[in-house]
> 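The following block contains the structure, expressed as structure tokens.
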Number of protein chains: 2
Amino acid sequence: MSVDSSPGMSSATADDIRRAALRLFATGGYEATTMREIAAAVGIRAASLYNHFGSKEDILWDLTSTALEDLNSESEASMATLSPDATPTEKLLTFVRAHIAYHAKNGEQATLVNMQMGGLSKSHHRKSVALRDRYESRLRSIMQEGVAAGVFHVPDERVASFAILQMGIAVSGWYRPEGNLSVPQLCDVYEILANRMVAA
Amino acid sequence: MSVDSSPGMSSATADDIRRAALRLFATGGYEATTMREIAAAVGIRAASLYNHFGSKEDILWDLTSTALEDLNSESEASMATLSPDATPTEKLLTFVRAHIAYHAKNGEQATLVNMQMGGLSKSHHRKSVALRDRYESRLRSIMQEGVAAGVFHVPDERVASFAILQMGIAVSGWYRPEGNLSVPQLCDVYEILANRMVAA
DNA sequence: TCTACTAACTAACGATAGTTAGTATAGGAT
DNA sequence: ATCCTATACTAACTATCGTTAGTTAGTAGA
């Protein structure tokens, strides 16, 4: 028995399972998806899934934790490109650009995180919420910094943060790369909208 | 056998079932909620639910269609208060105010519509999507009118519409009436944010 | 060549889901 | 007083779920 389960090393079959489960969970929901459906999408039998993952919830947790860690690390990597004396506006726009880019390029992962976290065990759910909070608090800090510096003027900094986050998260629900907007163009649009929201 | 099922006339027990199912579906998800759980929340046995609704999906459809019709009718009622020569800005702010008020006051209904429509039958799902599209297209029209009149300046009117819709929908996920923001205050905040998004 | 391991298979288990059948009871209308 | 309807109950059915057991074919290393 091997049961990779860890998002690090993994066989080709485990990756096939991840891909199939991600698509099925995101489109049909975690509870509504059966192990037999996942197996059929991969081309094996349901019992063989247990050679790669310990349980159905293990697959969900694998996908969820990977998605949240990717989101955090891509966001942190973007922010790290800024000079230490960047203005709050520069920080905000950089955050928004990474936020939009992730949600445009990883629609299924984002959908999973935003709609299917209820399928996780209590312990995994707690860890996921912590990762999500860590991500969201980064925007809250930027917002507070801008307000304190007098360059952002928002009626309520908590509400404004949620609004910016959520309009980006929604991108994962409708954006299609084959449409008439490229990802950089989409990021441009949201940079403008976010910038207007905080400017007096 | 009576099986009211229609959102019009209904017994007190049917309303109890609606309330319990709404809460359970919204918090735990449709697929993850069992008929026995709903029944227990009402204080009856699972089989007795079938005196009031034909199936589990019937309950979901009852709640979903009611929610979408309420959303549409409240929005239309708000727009009807405007004079015929109202400006695009007045129309936008009126739409946003009703949008936010509904999502603040009806968090569970909104959550249901936004996350659990996948549990509906194909036919009911089609009707729900049509109702939702009717709602969303009203904002699109306002946006187009404002852009055509030269008073709105948005980088992409489709994206801007989605952004305004979604930042309001998200309110249903976090707003609590016992917090430090009243519904009118919350509407004020979002009026400002939406107004800024379309103003050059 | 023998061995150990991976990963697939078939078959089946126990639990639980939505649902139905049949029955009992209370209250209003005739 | 008696029917009738509404609504509750108990009991059970059937389907399907996630999961386990036991087995087998292929493969890399000693």
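Naming: A, B, ... by sequence-line order, numbering from 1 per chain.
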> Suppose we screen for side-chain hydrogen bond (donor to acceptor under 3.5 Å, both in side chains). Which residues come up paired with A:Glu157, at least two apart in sequence or across chains?
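With neighbours one apart ignored, the set is A:Gln144.
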> Whole-Å distance between D:dA6 C1' and B:Ile17 CD1?
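That distance rounds to 13 Å.
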> Mark yes or no for a side-chain to base donor-acceptor pair under 3.5 Å between B:Asn51 and D:dA8, with no hydrogen or angle criteria applied.
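Yes, the side chain and the base share a sub-3.5 Å donor-acceptor pair.
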> How many whole angstroms separate atom CD1 of B:Ile44 from atom C1' of D:dA6?
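Checked: the CD1 to C1' distance equals 13 Å.
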> Name the one of B:Ile169, B:Thr111, B:Leu165 that satisfies side chain to side chain contact (heavy atoms under 4.5 Å, CB included) with B:His103?
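Only one of B:Ile169, B:Thr111, B:Leu165 forms a side chain to side chain contact (heavy atoms under 4.5 Å, CB included) with B:His103, namely B:Ile169.
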> In whole angstroms, how far is the C1' atom of D:dT7 from the NE2 atom of B:His52?
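Result: 6 Å.
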> Ignoring backbone atoms, establish whether A:Ser48 has a side-chain N or O less than 4.0 Å from OP1 or OP2 of C:dC9.
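Yes.
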> What integer distance in Å separates A:Glu37:CD from D:dC17:P?
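That distance rounds to 7 Å.
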> In terms of ring plane angle, is the pair B:His124 and B:Trp61 parallel, tilted or perpendicular, where the classes change at 30° and 60°?
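Taking B:Trp61 first and then B:His124, their aromatic rings lie parallel (interplane angle under 30°).
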> Other than B:Met115, which residues form its hydrophobic cluster under the rule that side-chain heavy atoms must be closer than 4.5 Å?
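Besides B:Met115, the hydrophobic cluster comprises A:Met115, listed by chain and residue number.
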> When hydrophobic residues are tied together by side-chain contacts of less than 4.5 Å, even through go-betweens, does B:Val154 share a cluster with B:Val159?
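Yes, one cluster joins them.
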> Looking at A:Glu108 and A:Arg23, is any side-chain nitrogen of the basic one under 4.0 Å from a carboxylate oxygen of the acidic one?
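No, no charged N to carboxylate O under 4.0 Å.
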> If I take atom CD1 in residue A:Ile59 and atom C1' in nucleotide D:dG18, what distance separates them, rounded to the nearest angstrom?
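Taking CD1 of A:Ile59 and C1' of D:dG18, I get 11 Å after rounding.
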> What is the separation between atom CZ on B:Arg45 and atom P on D:dA12, rounded to the nearest whole Å?
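After rounding, the reported distance stands at 15 Å.
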> Would you say a side-chain N or O of A:Thr13 is under 4.0 Å from OP1 or OP2 of C:dA7?
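Answer no for this pair, as no side-chain N or O of A:Thr13 is under 4.0 Å from OP1 or OP2.
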> Classify every nucleotide of nucleotides 18-25 of chain C by which part a protein heavy atom approaches to under 4.0 Å, writing B for the base, S for the sugar-phosphate alone and - for neither, in 5'-to-3' order.
BBBB----
